[in-house]
Structures are given as C-alpha cells and as structure tokens.
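The model shown is predicted, which means the values in this text are computed figures rather than measured ones. Each chain gets a letter, A, B and so on, in the order the sequences are listed, and its residues count up from 1.
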There are 2 protein chains.
Amino acid sequence: MQTLNLTPPRKAVLQVIQVATDHPTATEIMDRLNQQGQRFAYASIYNSLRYLAEHGMIQELNLGNGVTRYDGRLAEHQHLICRRCGAVMESTAAVPLDFIAGIEKETGFRVEQSDVRFVGLCPTCWAELAAHRVRPG
Amino acid sequence: MQTLNLTPPRKAVLQVIQVATDHPTATEIMDRLNQQGQRFAYASIYNSLRYLAEHGMIQELNLGNGVTRYDGRLAEHQHLICRRCGAVMESTAAVPLDFIAGIEKETGFRVEQSDVRFVGLCPTCWAELAAHRVRPG
DNA sequence: TTTCTTGCAAAACATTTGCAAATCG
DNA sequence: CGATTTGCAAATGTTTTGCAAGAAA
C-alpha cells in the first residue's frame, strides 16, 4: 500500500475538501457532492475520508461539537474559533519550538504533532461587542 | 442565574470529575456513579455537565474519537495524547504569551482561551518502540 | 404559583459495520 | 482469479429533546 489509489469517490471527496474555504464535515461533503450531481454512499465518503487522512492527503479536525471536520491544508496552521459567531479563522504561526521542547523535557513525552485551537472573538464580533460596552468580556 | 445551584446530580457529577485522575466521558461518569450506588438519568448527567461547564466548574475536552471528555482542572494545562496506547498525559507549561500575541496581531482575532493538544508517544511507548528499532517512527 | 430541575423514553445525529456486488490488475 | 473497493441497510454510540412529574423559591 505504497502508492496512492485515487478511486472516483476518493478523488471526488479530496477535490471537495481542497476546493473548500471552510472545514467541511462528512455531511457537508456529501451535500456538496450531491449538488455537483455526484452521488456516493455515506460509507464511501467515510471510507474515503479515512483513507485520505491515513495517507496524509487531508487532516482531521476536532473543532468541538463532536463533529469531525476536514482540512485540505497540509502545512502547519492553527485554528481560531469565534465563540460568538462560530467562524473559524486560521493562522500560519508555528507552535514555538522551545514550548514543545520544554514540554518534552518536563514529561518525557515525544511530541509528533501539534493541534492548537484558540477560542475567542473574531475581529467582527470583537468590534460589535466593543460598540456596546467599554470592556467587552 | 448568578449563584451556583449545586443540586444532587450536579454535585455528584462534579465530585466524580474532581476525584478522577483521568478525563472521563459522560458514560464513564454514569458508570462511576452507579458503582457508588447513585443512579441518575443520562439526561441529568448531560444537563449537569452542561451546567457545570457553563459555570466554569469543569472543562469540556475534545481529545478525539468524537467523545466529549471532562476535566475538573481549571488551571491552564495541555494534553499529551499517545498515538500508540491512547494514554493522556498533562503538562502545566503555559502557551507562550508572545505566540498568542503574534497571532492576535496577525489576524485581529482576540484570543481568550487556548486549547492545545499534542499527539505523539508517551515515554513508555517511546521506549518500547526504541527497543525494536534504532529510529522509532 | 412560578420557575427551575429531574427522569424517562424517544429522537436525532454522526459514524461504523456486515456483506454482497462491482471493479481492477 | 484474488484483492480491493463500493454501496446499501442496519447497527452502534453519543448526545439532545419533549414532556410530565417533582422540588424549590
């Protein structure tokens, strides 16, 4: 299982994720495929998602709410989730290496992958709250 | 709704979470209550969990696998998840302030809460893998 | 009484699985 | 042929909801 076997459902699922500007769920991927006239079984969607994730083509995200979301961006990036409107923004800032090194030294754990989620207020919601009170909280 | 109303199920759920050394799921909390002879409905467990989380008494965790876990520790700490045995370790190292400041400057997002998850190998699994090959992957 | 809380059963979702049919090399 | 993949339907597991009954203010 060395080479990538991009069967039709896998290719279709991958294309939806790569074209998306958000982080679609399995259901949303299904919907978008249907809108394109492509029809697959849920089992095939999930099979494809697992396959693509295992082969490093996409990333699984747990942004909360118990639904798995998918991301076609492979380079390291962090997710910023607005607690007010739910918008998800991204930052390309890398997790500081000395932060990781310190944790490895402290715990003996070997960090391979970082998954950082910041919750707070997006610029829009921040501005809207600021318009109502002096100290948005 | 200013003061904390710790009804029996809420108090029982909170006690289970605070006593736990792991990060139990709703089902595990239910099981532990049953073992103590206490019986509540699932709806009451979930109601209590939502109430306690909204009132800052506990933290909801998404450590993966689509199940919500709960943590009674309120001070900032990070979770280290072993990709081999599933163990969850913790580190008290704080997310570097300049990391957050940089992201806020870059994006305009206002960070209120950090949620950092490191995936990798716990010391035990790391050692076991090292025993088998020179460069554990 | 008015409001909040509990608990049961049913519902709502997300995800997985069993298995037969289809596909591919 | 032999291995892999698809697709359907059913099962699984978690969490939510509707609503009647109970407790508290």
Under a 4.5 Å cut-off applied to non-hydrogen side-chain atoms, are Gln38(B) and Phe40(B) in contact?
yes
Base, sugar-phosphate, or nothing for Thr68(A), non-hydrogen atoms under 4.0 angstrom?
sugar-phosphate
Check whether any side-chain nitrogen or oxygen of Tyr46(A) sits under 4.0 Å from OP1 or OP2 of dT15(C), and answer yes or no.
yes
Quickly work out the Arg50(B) CZ to dT14(D) P distance and round it to whole Å.
18 Å
Does the pair Glu28(B)/Arg69(B) count as a salt bridge with the N-to-O cut at 4.0 Å?
yes
Classify the nucleic acid contact of Pro8(A) as base, sugar-phosphate or nothing, counting any heavy atom under 4.0 Å across all strands shown.
nothing
Counting side-chain heavy atoms from CB outward, which of dA9(C), dT15(C), dT6(D) is closest to Arg10(A)?
dT6(D)
Whole-Å distance between dT15(C) C1' and Leu61(A) CG?
17 Å
Any idea which of dT6(C), dT6(D), dG7(C) is nearest the Pro9(B) side chain?
dT6(C)
Mind checking Ser44(A) for me? I need base, sugar-phosphate or nothing, with any heavy atom below 4.0 Å counting as a touch.
base
In whole angstroms, the gap separating P of dT15(D) from CE of Met30(B) amounts to 12 Å
Taking atom P of dA14(C) as reference, at what distance in whole Å does atom CD of Glu28(A) sit?
9 Å
What are the two closest heavy atoms between Val119(B) and Phe109(A), and how far apart are they?
C-CE2, 4.0 Å
If you compare every side-chain N and O of Asn5(B) against the phosphate oxygens of dC4(C) (OP1, OP2), does one of them come in below 4.0 Å?
no
Nearest to side-chain heavy atoms of Phe40(A), which nucleotide of dG7(D), dT5(D), dA9(C)
dG7(D)
Given DNA chain C, 5'-ward residue of the pair Thr7(B) and Asn47(A), judged by closest heavy atom:
Thr7(B)
Determine, using ring centers only, whether Tyr46(A) and Tyr51(A) are less than 6.0 Å apart.
no
Provide, to the nearest angstrom, the distance between the CG atom belonging to Leu49(B) and the P atom belonging to dT6(C).
12 Å
What integer distance in Å separates Ile45(B):CD1 from dT15(D):C1'?
13 Å
OH of Tyr51(A) versus C1' of dA3(D): gap in Å, rounded?
14 Å
How long is the line joining CG of Asn65(A) and C1' of dT15(D), in whole Å?
12 Å
Over 12 non-hydrogen atoms of neighbours within 6.0 angstrom of CG in Leu97(A):
no
